Amino acid sequence: MDRAIAIDVSRLCKSYENHKAVDDISFQVYSGEIFGLLGPNGAGKSTTLRTLITLLHPTSGSAAVFGHDTVREADLVRTLIGYVPQERAIDRFLTGREHLELLGALYHLTKEEAVKRIDELLTLVELNAHADRPAKTYSGGMKRKLDIACGLLPNPKILFLDEPTLGLDVQSRLRIWEYVRMLKARGLTVVMTTNYLDEADQLCDRLAIIDGGKIKTLGSPAELKIALGGDIVSLTLKETDRTAGLEAALKHQPAITSVRTTDKGLDIRVESPEKALPAILESANRLGCSIEFIQYNRPRLDDVFIAHTGRAITESVPQAEST
Amino acid sequence: MEHYRQEIGALTMRWVKRLSREKFSMLFTLVQPMLFWLIFFGNLFQRAADTQVTQAPNYISFLAAGVVVMTVLNNGLAGGVDLLFDKENGFLERLMSTPIHRSSVILSRFLFVMTITSLQVLVILGVAFLFDVHPATGLLGVATILLIGMMFGVGLTAISMAMAFSVKSHGDFFSVLGFLSLPMIFLSSALVPLAAMPGWMSFLAKFNPMTWAIDAVRPLILSGWSEALPHVGMVVVVMLVFDALCLYGGAKAFRRAMG
């Protein structure tokens with residue numbers, strides 16, 4: 001399928017004095033998708049994001065937003081994007097409305113335009129009732145909502161979210177996810193960084209796993225999981241003497257990729273469990289194997305992450321991230 | 001140009017709004033500690049200070065010029081603090097990701113700091129007036145004092161912003177700030193004229209731009225135009241050099257932090 005390209009990153013490198021924060025990465029983001037940069041702290045995802053929003057200049061390589069270079073055409077790029085920073089970038093003395101008014105002036109909206117858009121946004125993020133209270137009285141979730149409203153104020157074609165749900169309670173997280181899905185439905189392209197695997201799994205159409213400044217793998221969550229070899233059905237058999245026979249019978253079934261003997265029974269990798277399970281049960285029946293226990297494991301994004309980086313996402317990275 | 005004005009206007013109003021939200025802070029911004037120097041130190045040393053040495057009718061009238069410039073010093077050196085906090089909580093990044101002219105944020109800060117400083121200088125001159133210190137050069141002299149204050153303040157604010165953009169943590173910023181301000185005051189003609197200082201101190205004080213500012217403000221308050229003009233001419237030259245150096249350093253730090 002030929003899709004419009006919203007972001008084109010080509011051989012991007014960003015080095016600081018003695019380490020490479022981003023080391024020769026290339027990827028494209030399609031228009032209208034939710035694209036995730038997933039990785040532990042210090043992996044280089046924030047550096048990549050900051051380059052895309054024109055705040056950092058690449059050491060080498062380039063990044064383009066809708067065909068416009070983020071360095072040479074920075075001003076133009078800035079009019080196309082909205083940014084929701086990682087920190088709660090809130091001025092605690094200003095009210096929610098004043099935040100949006102300030103940004104309205106910085107995006108050079110006229111007063112009428114600004115008033116109209118601010119009203120729409122406050123309604124969208126359900127902050128109408130609190131719009132005229134200083135932001136220091138806001139809860140964490142409300143601040144995040146204001147953050148998102150600020151990011152949407154320029155009516156951007158692409159919204160960048162840096163760790164959108166970091167430190168939020170479960171309810172607020174689900175609410176933010178809802179907003180992001182709604183924005184996608186409106187045709188917005190969303191690029192987000194996260195170090196929550198479930199967030200990437202739930203939200204992203206495609207994602208890149210970044211570690212040590214390099215992209216380890218890239219694809220949709222489903223593709224990445226399938227690339228690991230598909231789902232696993234584990235059988236525990238009552239008598240293990242017929243295991244070899246069952247293994248031979250299953251090996252050439254269409255929906256089954258591989259069969260491996262374990263000490264209790266069999267581990268069967270399957271392409272689609274819907275087709276494989278009846279075949280497995282039928283074969284077991286025919287050969288008179290009685291099954292004690294069936295376990296069915298779908299690989300999680302955690303498994304993908306571990307497979308590509310050699311460790312779990314919660315384990316710390318040797319190098320600390322600078323900016 | 002229209003856009004530039006809109007940006008700077010909105011960003012400057014943000015600083016004003018912030019100040020007006022903090023009622024206490026606003027009160028103490030206008031009635032600031034520098035007044036204590038004038039009122040208490042000025043009166044305390046009334047008899048201890050030798051009028052032969054100070055060449056002024058009384059110590060408080062001698063000290064007024066010093067307190068005016070000390071106010072400029074403190075405001076200028078603290079001028080970058082809010083940008084430091086903006087940098088730390090990500091607000092600056094949010095501002096810089098908008099299509100504004102790169103200098104707008106900084107210019108708005110200069111505008112705000114200079115305005116507040118001028119107001120404070122006026123309060124100090126007003127209080128001095130109550131203690132019978134009447135500027136010899138009149139309103140035009142007061143305007144000249146404000147101008148000198150602003151020229152000095154621009155350089156100081158630039159230093160402060162450069163530090164705000166360069167330091168790793170705000171702890172560092174405040175340590176340097178606390179370390180800088182007192183020697184700047186003691187090694188200047190704020191409290192004692194250069195002639196009455198130990199040789200090594202007066203030698204160092206000559207390299208302090210603050211001395212030049214005070215030596216121009218003082219005759220504007222005490223003597224009159226004929227005595228003040230050469231000093232005013234001199235301080236304008238010194239401040240142009242000082243500002244150029246500070247702005248160059250500030251611009252460099254800003255570009256490093258933002259690029």
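These numbers were taken from a predicted model, which means no experiment stands behind them. Residue numbering restarts at 1 for every chain, and letters A, B, ... go by the order of the sequence lines.
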Enclosure of [X] [atom1] (heavy-atom neighbours >12, cutoff 6.0 Å):
X	atom1	result
B:Tyr4	OH	yes
B:Tyr248	OH	no
A:Arg133	CZ	yes
A:Arg11	CZ	no
B:Leu139	CG	no

Mind ranking A:Thr54, A:Val84, A:Leu102, A:Thr79 by heavy-atom pairs under 4.5 Å with chain B and telling me who comes out on top?
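Between A:Thr54, A:Val84, A:Leu102, A:Thr79, the count favours A:Leu102.
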Quick one: does [X]'s side chain get under 4.5 Å of [Y]'s, heavy atoms only?
X	Y	answer
B:His3	A:Tyr107	no
A:Arg92	B:Asn89	no
B:Arg14	A:Phe93	no

Check whether any side-chain N or O of B:Arg94 sits under 3.5 Å from a backbone N or O of A:Ala89 as a donor-acceptor pair, and report yes or no.
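Side chain of B:Arg94 to backbone of A:Ala89: a pair is present.
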Would you find a donor on one side and an acceptor on the other, under 3.5 Å apart, between the side chain of B:Gln6 and the backbone of A:Leu109?
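Yes; judged by distance alone, with no hydrogens or angles, the pair exists.
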By a 4.5 Å heavy-atom criterion (distance strictly below it), what part of [X] contacts chain B: side chain, backbone, both, or neither?
X	answer
A:Asp162	neither
A:Leu153	neither
A:Thr95	both

Show your reasoning for whether side-chain contact (heavy atoms from CB on, under 4.5 Å) applies to A:Arg50 and B:Glu93.
CA-CA 9 Å; A:Arg50 282 184 172 79; B:Glu93 247 185 20; 2.5 Å; yes
Shortest non-hydrogen separation from A:Arg78 to B:Thr98 and the atoms involved:
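Of all heavy-atom pairs spanning A:Arg78 and B:Thr98, the closest is CD-O, 3.3 Å.
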B:Lys17 and A:Asp91 ion-paired at < 4.0 Å:
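Result for this pair is no, no salt bridge flagged.
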Sidechain N-carboxylate O distance under 4.0 Å for B:Arg21, A:Glu98:
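Yes, B:Arg21 and A:Glu98 are salt-bridged.
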From A:Leu106 CG over to B:Ser97 OG, what is the distance, rounded to the nearest 0.5 angstrom?
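Here the rounded value is 9.5 Å.
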Set out, in order, the CA-CA distance, both residues' side-chain angles and the distance that settles side-chain contact (heavy atoms from CB on, under 4.5 Å) for A:His99 and B:Phe91, then state yes or no.
CA-CA 11 Å; A:His99 276 85; B:Phe91 204 85; 3.7 Å; yes
Quick one: of B:Gly90, B:Ala10, B:Pro99, who has the most non-hydrogen atom pairs under 4.5 Å with chain A?
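Looking at each of B:Gly90, B:Ala10, B:Pro99 in turn, B:Pro99 comes out on top.
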Heavy-atom distances under 4.5 Å only: say whether B:Leu11 touches chain A with side chain, backbone, both or neither.
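For B:Leu11, heavy atoms of backbone and side chain both lie under 4.5 Å from chain A.
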Would you please say whether a donor-acceptor pair under 3.5 Å links the side chains of B:Glu7 and A:His108?
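Short answer, yes.
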